[in-house]
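Beneath this line is the structure, given in structure tokens, with notes to follow.
All values derive from a computational prediction rather than experimental measurement.
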Amino acid sequence: MITSKQLRSKWLSFYESKGHVNIGAVSLIGDGSTGVMFNVAGMQPLMPYLLGQPHPAGKRLCNVQGCVRTVDIESVGDASHFTFFEMMGNWSLGDYFKKEKTAWSFELLTKVFGLDADKICSTVFAGNESAPRDDETAQLLVSLGIRPEHIFYLDKSNNWWELEGTVGTPCGPDNEWFYPLADEECGRKPCDINCPCGRYVEIGNDVYMQYKKTADGYVPLENKNVDTGFGLDRMLSFLNGLTDGYKTDLFSGAIAYLEKVSGKKYDDGGDARKAMRIIADHTRTTVMLIGDVNGILPSNTGAGYILRRLMRRAIRYCKALGIAGEEMCNVAKIFIEEVYGEAYPLLPEKEGYILEEIGREIARFESTLEKGMKEFEKTLAGIERKNEFMAKQNPDYVKESVIGGKAAFKLYDTYGFPLELTVELAAERGYTVDEKGFDEAFKEHQEKSHAVAEGQFKGGLADTGVATTRLHTATHLLNAALKQVLSPDINQKGSNITPERLRFDFNFARPMTQEEIDAVEKLVNEKIAENIPVVYAEMPYEQARAEGIVGVFDNKYGDVVKTYSIGNFSREMCGGPHAASTGELGHFKIVKEQSSASGIRRIKAILE
């Protein structure tokens, strides 16, 4: 057996022996430069250095980086999904390339982890019209001792890495490593890495960043980089011969405690096992997000909303397991004191604070949970009464199984139930939720709430007000797009909006190329096409700064600020008003890009 602490140590020691510097982990909380709330990959914080900026620690780096991924929260509860995980990584910034990296990955797998070279399989890029087949990597693998029949050429969807929709970022082919969980074949022919039986597991990959993505395709990158990523959680399960990720030492203490206080056994399966997995996973992520160097707290917006959603889901499953919500604090103590305190020393320092905030959120939610559940049951009872009545009137009547949007919004607005919680509760009872109706009710509520706060246009000014409102929202999209295409250091230096056009000044040292202008325009129009709701919220200024919400002139803000969020793409402090959703904007077009002052550029744009 290998423990999580031993695995971290072996990874770092191996790459340090190859001249790499352990740069440690950075904050889990996105800094706004990458357009995401949380760091979701080990390489994400290194993007400036992969693009050519010198790293202060040199050209060979390694670390174990915590990541948070919440796009599939509802999947947590099975044997393999987690919202927090760690990526073991190493990088070459314009130093070594394929020859050294293939040899080191092979050495790590065979000499350090003891895998059989005859069983290792690998995949490489098959090539397309943009880039050639990666025969070089395949030949290197064969020279190391991997059997030719264990090397598979796969297409771009499998063996190519890039940030989707992002121009100017490094990208290239990747080399993925696979190993069989069992020697026996399933009976299908061939039972290889492509077999649906799941016999082979991916244990990591090496990305060879040798291209730069442009608006028209790809160009060679001046400094070729290597980006390696091996998931610690997955690797730990694999090396211990486990197919259940919750059986490793990362979770064993938490699961054992939940068994003790609930009187139920994890291995009995069923609802109890699912509940234990959800409580353990969500509590772990809660500890990591509150205890982070840029720690956040549960709230109703942005990253804080995701944290609140995780915490409240965990609390609800405590109830389902038959234990008090307060037990979440004891599970948190296990993660801090027994599992992660050594690797993340800030957690023990902040332990009292973390547990206090978890306890506070438990108290908040439990005070409304009982009332909210009664309202939820009342809503279902109303639907069932209607179904019963209508069935008596008409034998062919099709029973209704949808919770209305207004009812779902009432649960959200009055009882603090996130829409996702109502959807999950409904699914457990065989119902769905009218999510479009929820959005409409939410939008109606926003409009009523903002009417007084933002002021209303009257008489002949109404049409002019709607033109300027749409352009105001477009400036937020433009600001975010410039940060993504040009540099995260872009900041607004001034703006002016008339009913006909917007003018936006920003810091940038040179004229934009036509390719950059086209990329910005394309990105803004993509966000318009997605019809993203523009969400308004008020919050303390310090909370807004902690959540990475963009501000323009810090000295103009009071203690409480108004904020507008366009998904995860744009979040700004702003007085408003704004469109209700980006779909109202039409088509965005940049008509001029010019100098405004030394180091300041100016864009003029219209909505068609």
Side-chain angles (χ1 to χ4, degrees), residues 2-13 15-16 20-31 36-46 57 61-70 76 82-90 229-237 245-246 248-255 257 279-298 303-304 306-307 310-311 314 328-359 361 546 548:
I2 182 172
T3 69
S4 56
K5 293 175 182 177
Q6 289 170 338
L7 180 54
R8 281 193 206 94
S9 176
K10 284 179 180 291
W11 179 271
L12 295 171
S13 297
Y15 281 103
E16 286 172 337
H20 294 67
V21 176
N22 177 11
I23 56 173
V26 300
S27 173
L28 289 168
I29 317 300
D31 62 6
V36 294
M37 287 183 184
F38 306 114
N39 281 325
V40 296
M43 54 70 57
Q44 194 172 312
L46 292 172
L61 314 173
C62 65
N63 75 353
V64 179
Q65 172 66 48
C67 303
V68 171
R69 191 173 294 165
T70 59
V76 174
F82 313 109
T83 52
F84 171 84
F85 58 96
E86 293 176 281
M87 287 300 294
M88 302 183 293
N90 70 274
F230 280 63
L232 183 142
D233 298 65
R234 179 188 293 185
M235 193 72 177
L236 186 63
S237 296
Y246 290 88
T248 70
D249 72 301
L250 293 171
F251 289 103
S252 57
I255 297 296
Y257 179 80
I279 297 164
D281 172 85
H282 291 3
T283 303
R284 178 173 73 161
T285 305
T286 294
V287 165
M288 292 298 181
L289 289 176
I290 298 177
D292 188 83
V293 64
N294 296 327
I296 58 173
L297 293 175
I306 299 297
L307 173 59
L310 287 169
M311 296 179 75
M328 190 177 169
C329 290
N330 293 320
V331 176
K333 283 174 65 70
I334 292 169
F335 284 119
I336 296 169
E337 297 174 4
E338 300 177 18
V339 184
Y340 290 104
E342 182 180 312
Y344 298 87
L346 191 59
L347 296 180
E349 292 180 24
K350 296 179 68 174
E351 180 171 2
Y353 170 75
I354 295 168
L355 298 178
E356 180 182 351
E357 292 300 332
I358 293 175
E361 183 64 14

(message) Tell me if a side-chain donor or acceptor on Asn294 pairs with a main-chain N or O of Ile29 at a distance below 3.5 Å.
(response) no
(message) Which heavy atom of Asp233 sits nearest to which heavy atom of Leu250, and what is that distance?
(response) OD2-CD1, 3.4 Å
(request) Taking all non-hydrogen atoms of both residues into account, name the closest pair between Ile354 and Gly291 and its distance. (result) CD1-CA, 3.6 Å
(message) Run the side chain to side chain contact (heavy atoms under 4.5 Å, CB included) test on Phe38 and Met288 for me, step by step, so that the C-alpha distance in whole Å, both residues' side-chain angles and the decisive distance to 0.1 Å come before the verdict.
(response) CA-CA 12 Å; Phe38 306 114; Met288 292 298 181; over 6 Å; no
(message) Could you measure the distance from the CG atom of Leu346 to the CD1 atom of Ile336? Nearest 0.5 Å is fine.
(response) 10.5 Å
(request) To the nearest 0.5 Å, tell me how far Arg69 CZ sits from Thr83 OG1. (result) 11.5 Å
(request) Starting at OG of Ser27, measure out to CG of Leu289 and round the result to the nearest 0.5 Å. (result) 9.0 Å
(request) Please confirm whether the backbone N or O of Phe84 pairs with a side-chain atom of Thr285, one donor and one acceptor, at under 3.5 Å? (result) yes
(request) Report the C-alpha distance between Met328 and His282 in whole Å, list the side-chain angles of each, state the deciding distance to 0.1 Å, and finish with yes or no for side chain to side chain contact (heavy atoms under 4.5 Å, CB included). (result) CA-CA 9 Å; Met328 190 177 169; His282 291 3; 5.5 Å; no
(request) Mind listing the closest non-hydrogen atom pair of Asp249 and Val339 along with its distance? (result) O-CG2, 4.3 Å
(message) For the CD atom of Glu356 and the NZ atom of Lys350, what is their distance to the nearest 0.5 Å?
(response) 12.0 Å
(request) Answer yes when Glu86 and Arg8 have at least one side-chain N-carboxylate O distance shorter than 4.0 Å, and no when they do not. (result) yes
(request) Kindly determine whether Met88 and Leu7 satisfy side chain to side chain contact (heavy atoms under 4.5 Å, CB included), including the steps that lead there. (result) CA-CA 9 Å; Met88 302 183 293; Leu7 180 54; 3.9 Å; yes
(message) If I take atom CE from residue Met235 and atom OG from residue Ser4, how far apart are they, to the nearest 0.5 angstrom?
(response) 14.0 Å
(request) Please report the closest heavy-atom contact between Gly304 and Ile296, naming both atoms and the distance. (result) N-CD1, 4.2 Å
(message) Are the side chains of Leu347 and Phe335 in contact, using a 4.5 Å heavy-atom criterion?
(response) no
(request) Please report the shortest heavy-atom distance between Ala254 and Ala280, naming the atom on each side. (result) CB-CB, 4.4 Å
(request) Identify the heavy atoms of Pro298 and Met311 that sit nearest to each other, and give their distance. (result) CG-SD, 4.0 Å
(message) Quick check for you: to the nearest 0.5 Å, what is the distance between Glu361 atom CD and Cys329 atom SG?
(response) 11.0 Å
(request) List the steps and the verdict of side chain to side chain contact (heavy atoms under 4.5 Å, CB included) for Tyr340 and Arg284. (result) CA-CA 10 Å; Tyr340 290 104; Arg284 178 173 73 161; 2.7 Å; yes
(message) Parallel, tilted or perpendicular, judged at 30° and 60°: which one describes the rings of His20 and Tyr15?
(response) perpendicular
(message) Donor-acceptor check, side chain of Asn63 to backbone of Ile23, threshold 3.5 angstrom: yes or no?
(response) no
(request) Could you tell me whether a side-chain N or O of Glu351 sits under 3.5 Å from a main-chain N or O of Lys333, the two making a donor and an acceptor? (result) no
(request) Check whether more than 12 heavy atoms from other residues, nucleotides or ligands sit under 6.0 Å from atom CD of Glu342, and answer yes or no. (result) no
